[in-house]
Amino acid sequence: MKKTVLMAVLAAGFWAKSQTHRFIYDVIYKKDADSEVLTKENFHLDIHPEKVEYYQRDFFIADSLITNNLQFPKDSKLNTSTIIYHKTGNENYDEYDLMEDTVLKLQTKDSQQWKLTGESKKVKDLQLQKATTSYGGREWTAWFAKDIPFQEGPYKFHGLPGLIVELYDDKNNYKFELVKSVKLDKPVKNMFIDMSRERSVPVTWEKYKTTKLTFYESPINFIRNGAEGDQFFLNDGTKVNAANRREVNERMRQNIKRFNNPVELDKKIMYP
């Protein structure tokens with residue numbers, strides 16, 4: 001675990017559950033399961049008194065851009081991103097899948113059957129205990145801290161008697177590592193997340209798969225249906241017009257099929 005983790009975590013009263021706490025994770029993962037190339041992104045786990053949100057750090061950039069009426073940077077990952085939301089202590093999750101101008105809301109019930117082990121280790125001032133589970137078609141190992149009294153973790157992982165600090169699967173496809181914690185004086189609203197949730201369309205799992213496959217068939221036509229005129233912009237700033245429409249469409253199709261390595265492997269959509 002990196003040195004940037006706050007060492008004041010054991011201070012009395014720091015983890016008051018009436019406050020909002022932000023835990024920032026490094027997520028190192030394979031976008032393409034057949035490649036050894038690793039991608040690293042920052043994700044935020046915001047634990048509020050009544051709700052828990054998990055999302056990419058890029059949503060902060062998006063929020064700032066919306067506030068200042070600016071365009072998304074070309075390296076933005078928000079063209080295909082996910083927001084995970086659930087009420088504190090509840091196993092019912094709302095998963096928001098952003099597909100350019102379309103936001104799908106998938107409701108799931110998720111829990112893990114953890115096996116606690118007697119193995120422990122100390123990382124800086126944190127005493128961690130090991131636990132294992134099978135979830136989403138992968139075998140996982142977690143290290144959690146009882147001294148951080150939240151039964152939460154990155155993505156949809158939860159239910160251990162302490163915050164999950166490290167988490168990885170046995171095939172080295174995903175590794176989550178806590179790198180920083182912040183106590184917020186008051187809840188921080190994110191306009192981009194709020195807008196995404198407000199305009200989301202609730203779907204069943206079957207409808208979700210059908211929509212994803214339709215999107216893959218022709219991403220540009222899917223997006224164009226909601227756009228005005230023959231020219232429009234993708235969320236990453238790419239200008240699409242008659243001259244480059246075919247090229248952009250094929251590039252998007254290739255990326256969808258190639259970068260198809262979800263956390264929940266048993267929910268992987270098989271693109272033709």
| field | Glu139 with Lys171: basic N within carboxylate O range, under 4.0 Å | value | no
Checking [X] side chain against [Y] main chain: does a donor-acceptor pair fall under 3.5 Å?
X: Asn241; Y: Asn244; value: yes
X: Asn260; Y: Ile269; value: yes
X: Lys30; Y: Glu36; value: no
X: Arg138; Y: Asp170; value: no

Spacing of [X] atom [atom1] and [Y] atom [atom2] [to the nearest 0.5 Å]:
X: Ile256; Y: Arg251; atom1: CD1; atom2: CZ; result: 10.5 Å
X: Ser200; Y: Tyr96; atom1: OG; atom2: OH; result: 5.0 Å
X: Thr20; Y: Glu50; atom1: OG1; atom2: CD; result: 10.0 Å
X: Tyr55; Y: Ile83; atom1: OH; atom2: CD1; result: 9.5 Å
X: Gln129; Y: Glu119; atom1: CD; atom2: CD; result: 10.0 Å
X: Phe144; Y: Ser120; atom1: CZ; atom2: OG; result: 10.0 Å

| Working for side chain to side chain contact (heavy atoms under 4.5 Å, CB included), residues Lys87 and Asn92 | CA-CA 8 Å; Lys87 293 182 179 179; Asn92 295 316; over 6 Å; no
Between [Y] and [X], is there a side-chain heavy-atom distance shorter than 4.5 Å?
X: His86; Y: Glu91; value: no
X: Lys105; Y: Gln107; value: yes
X: Thr211; Y: Val201; value: no
X: Thr102; Y: Phe215; value: no
X: Arg199; Y: Asp101; value: yes
X: Ile47; Y: Leu163; value: yes
X: Asp110; Y: Tyr135; value: yes
X: Ile84; Y: Pro154; value: no

| message | Is the ring pair Phe150/Phe23 parallel, tilted or perpendicular, if the boundaries are 30 and 60 degrees? | response | perpendicular
State, to 0.1 Å, how close [X] and [Y] come at their nearest heavy-atom pair, and which atoms those are.
X: Ile24; Y: Leu178; answer: O-CD1, 3.5 Å
X: Ala142; Y: Trp114; answer: CB-CZ3, 3.6 Å
X: Asp46; Y: Arg22; answer: OD1-NE, 2.7 Å
X: Thr88; Y: Lys51; answer: OG1-N, 3.1 Å
X: Leu38; Y: Asn172; answer: CD2-O, 4.5 Å
X: Tyr174; Y: Asn261; answer: OH-O, 2.5 Å

| query | Quick one: are the ring centres of Tyr93 and His158 less than 6.0 Å apart? | reply | yes
| query | For the ring pair Tyr155 and Phe176, is the centre-to-centre distance below 6.0 Å? | reply | no
| query | Just one of Lys156, Glu264, Lys267 clears the side chain to side chain donor-acceptor pair (under 3.5 Å) bar with Thr108, so which one? | reply | Lys156
| request: Evaluate whether atom NZ of Lys121 has more than 12 neighbouring non-hydrogen atoms of other residues, nucleotides or ligands under 6.0 angstrom away. | output: yes
| said: Are more than 12 heavy atoms, taken from residues, nucleotides or ligands other than Arg258, located less than 6.0 Å from that residue's CZ atom? | reply: no
| task | Report yes or no: do Tyr168 and Glu177 form a side-chain donor-acceptor pair below 3.5 Å? | result | no
| Going by atom types alone, do Asp97 and Tyr208 pair a side-chain donor with an acceptor below 3.5 Å? | yes
| said: Leu160 vs Leu116, test: side chain to side chain contact (heavy atoms under 4.5 Å, CB included). Steps then yes/no. | reply: CA-CA 9 Å; Leu160 286 167; Leu116 300 183; 3.5 Å; yes
| Single-linkage hydrophobic cluster Leu265~Tyr29, side-chain heavy atoms < 4.5 angstrom | no
| query | How far apart are the C-alpha atoms of Asn221 and Asn249, what are their side-chain angles, what is the distance that settles it, and do they pass the side chain to side chain contact (heavy atoms under 4.5 Å, CB included) test? | reply | CA-CA 8 Å; Asn221 284 342; Asn249 191 71; 5.9 Å; no
| Trace of the side chain to side chain contact (heavy atoms under 4.5 Å, CB included) decision for Glu53 with Arg197 | CA-CA 12 Å; Glu53 294 175 312; Arg197 292 182 61 192; 4.0 Å; yes
| request: Validate the cation-pi geometry between Lys31 and Phe259: distance from NZ or CZ to the six-membered ring centre under 6.0 Å, angle to the ring axis within 45°. | output: yes
| query | In this structure, which one of Tyr25, Trp143, Tyr54, Trp140 forms a ring pair (Phe, Tyr, Trp, His ring centres under 6.0 Å) with Phe157? | reply | Trp140
